Amino acid sequence: MAANYWDSSQHRHWQFTRQQLESKRVATETETGLLRSELGDSRHVRIFFHSLIQSLGRHLQVRQQALATAEVYLARFYVGSAVQETNPYVILATCVYLACKMEECPQHIRTVVAEAKSLWPEYITHDPTKIAECEFYLIEELDTYLIVHHPYRSLIQLSKALGASGNNAGLSPDEMQTAWSVINDSYITDLPLLYPPSIIALTAIYLSVVLRTPPVSVQSERIRIRLQKIVDWFASCGIDLEAVVDCAQEMISLYNSWEAYNERTCRDLIASIVNMK
């Protein structure tokens, strides 16, 4: 495993520009003849998949980093495959199973199958060979690059650096929790395929402060000074502010879209896809 993200397979093989990522998805549509537009709002589908992975993780009592790895696997997988040609329930259960092995918290395949079956009895069989077969297919689609670097470690390091900068701008426990939640939600988006973990962590720090800050009209002088110190700290660190702004806009768009999310609509959509097979 590369200790440095910049030397990792994630950076070398699974980080794209928006144009590169869109080109890959268009190529998948051309190859399969299946259009993303058939799924409606892609953000809603990804919110639904996110909720399924989190639900399975709770049943298996899997730690968050393994579930985050599973979500990255799922996002990578559907770059080169169409949702309509798969059983997403089997795919995401396999992503969780493989991620647990890679994050050194392995789950027995029969345990994963049993818990997935209890959650989605219509779409998961008792036969563990289905997950085993899907695992080989998944690894092939991921080009065997399975190590994932996450923003959580960067968040801890950066928050400590911010607190030690001497400007009284360190994160409060509530802000730290908000930043952690923003990172969890970032896996619903394309950000893990577009930006380094450090940029996503900085975005989480920025949003954790902004989202918990009162409107300008009611801000005290102390709050305004603190916000300016944080912005100055960002600038002094040589951070790519344009990338942070882009990430922040992506997360705000996600949260706006989430307000219109309807779980039943997504569940019925995926059911119709699976039942057509």
Side-chain angles (χ1 to χ4, degrees), residues 3-6 8 10-11 15 47 50-51 53-54 57-58 62-72 75 103 148-259:
N4 185 337
Y5 166 79
W6 302 103
S8 69
Q10 182 176 347
H11 173 61
Q15 183 180 316
I47 292 170
H50 171 78
S51 69
I53 286 178
Q54 293 298 316
R58 285 193 296 271
V62 173
R63 66 174 186 263
Q64 181 58 39
Q65 181 157 314
L67 297 181
T69 296
E71 295 210 54
V72 172
E103 295 294 344
V148 178
H149 292 254
H150 294 286
Y152 301 110
R153 179 180 296 179
S154 296
L155 173 61
I156 293 171
Q157 294 172 339
L158 289 166
S159 64
K160 288 180 179 178
L162 179 61
S165 61
N167 55 21
N168 296 318
L171 298 183
S172 70
D174 285 346
E175 288 169 339
M176 189 66 173
Q177 183 59 51
T178 299
W180 201 272
S181 296
V182 169
I183 289 176
N184 290 344
D185 294 340
S186 73
Y187 292 98
I188 302 172
T189 72
D190 285 333
L191 294 184
L193 301 176
L194 297 171
Y195 290 105
S198 58
I199 293 295
I200 299 174
L202 286 163
T203 302
I205 291 174
Y206 174 74
L207 288 176
S208 74
V209 174
V210 171
L211 293 177
R212 300 183 66 86
T213 297
V216 174
S217 58
V218 297
Q219 287 179 12
S220 66
E221 182 65 18
R222 180 179 61 82
I223 291 175
R224 284 194 290 271
I225 291 174
R226 179 171 183 259
L227 285 174
Q228 187 58 53
K229 286 181 176 179
I230 291 174
V231 171
D232 291 344
W233 180 77
F234 271 45
S236 69
C237 293
I239 293 164
D240 185 347
L241 293 178
E242 185 175 337
V244 172
V245 169
D246 186 53
C247 288
Q249 290 175 337
E250 182 74 21
M251 293 305 300
I252 291 170
S253 295
L254 169 67
Y255 293 136
N256 288 337
S257 177
W258 211 321
E259 294 180 2

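On a predicted model such as this, the values are computed, not experimentally measured, just so you know. What you see below is based on every heavy atom in this structure, not just the backbone, and it leaves out hydrogens, waters and symmetry mates.
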Measure the NZ-CG distance between K160 and L171 for me, rounded to the nearest 0.5 Å.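 Reported value, rounded in 0.5 Å steps: 13.0 Å.
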Distance from C247 atom SG to L202 atom CG, nearest 0.5 Å?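 If we round to the nearest 0.5 Å, C247:SG and L202:CG are 9.5 Å apart.
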Side chain to side chain contact (heavy atoms under 4.5 Å, CB included) for N256 and I252? Distances and angles first, verdict last. CA-CA 6 Å; N256 288 337; I252 291 170; 3.8 Å; yes
Quick check on Y152: does its OH atom have over 12 non-hydrogen neighbours (other residues, nucleotides or ligands) under 6.0 Å away?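 Yes, OH of Y152 has more than 12 neighbouring heavy atoms, counting only those of other groups under 6.0 Å.
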Could you go through the side chain to side chain contact (heavy atoms under 4.5 Å, CB included) check for I47 and L254 one step at a time? CA-CA 9 Å; I47 292 170; L254 169 67; 4.1 Å; yes
Would you name the heavy atoms of [X] and [Y] that are closest together and state the gap between them?
X	Y	value
A201	P151	CB-O, 3.7 Å
I183	A204	CG1-CB, 3.7 Å
M251	V182	CE-O, 3.6 Å

I'd like to know if the side chain of S181 reaches the main chain of Q177, judged simply by a donor and an acceptor atom lying under 3.5 Å from each other, with no hydrogens or angles considered.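 Side chain of S181 to backbone of Q177, a donor-acceptor pair under 3.5 Å: yes, one is there.
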[Y] and [X], any side-chain heavy atoms less than 4.5 Å apart:
X	Y	answer
Q15	P196	yes
L162	F234	no
I205	L155	yes

Sort and list the pairs that fulfil side-chain hydrogen bond (donor to acceptor under 3.5 Å, both in side chains) and have at least one residue in residues 186-197, not counting sequence neighbours.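 Checked against side-chain hydrogen bond (donor to acceptor under 3.5 Å, both in side chains) - neighbours excluded - the pairs reaching residues 186-197 are R25-D190, R46-D190, H150-Y187, Y195-D246.
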Run the side chain to side chain contact (heavy atoms under 4.5 Å, CB included) test on T178 and L207 for me, step by step, so that the C-alpha distance in whole Å, both residues' side-chain angles and the decisive distance to 0.1 Å come before the verdict. CA-CA 8 Å; T178 299; L207 288 176; over 6 Å; no
Among N184, I53, V148, which residue satisfies the side-chain contact (heavy atoms from CB on, under 4.5 Å) criterion with E71?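 In the set N184, I53, V148, the residue that makes a side-chain contact (heavy atoms from CB on, under 4.5 Å) with E71 is I53.
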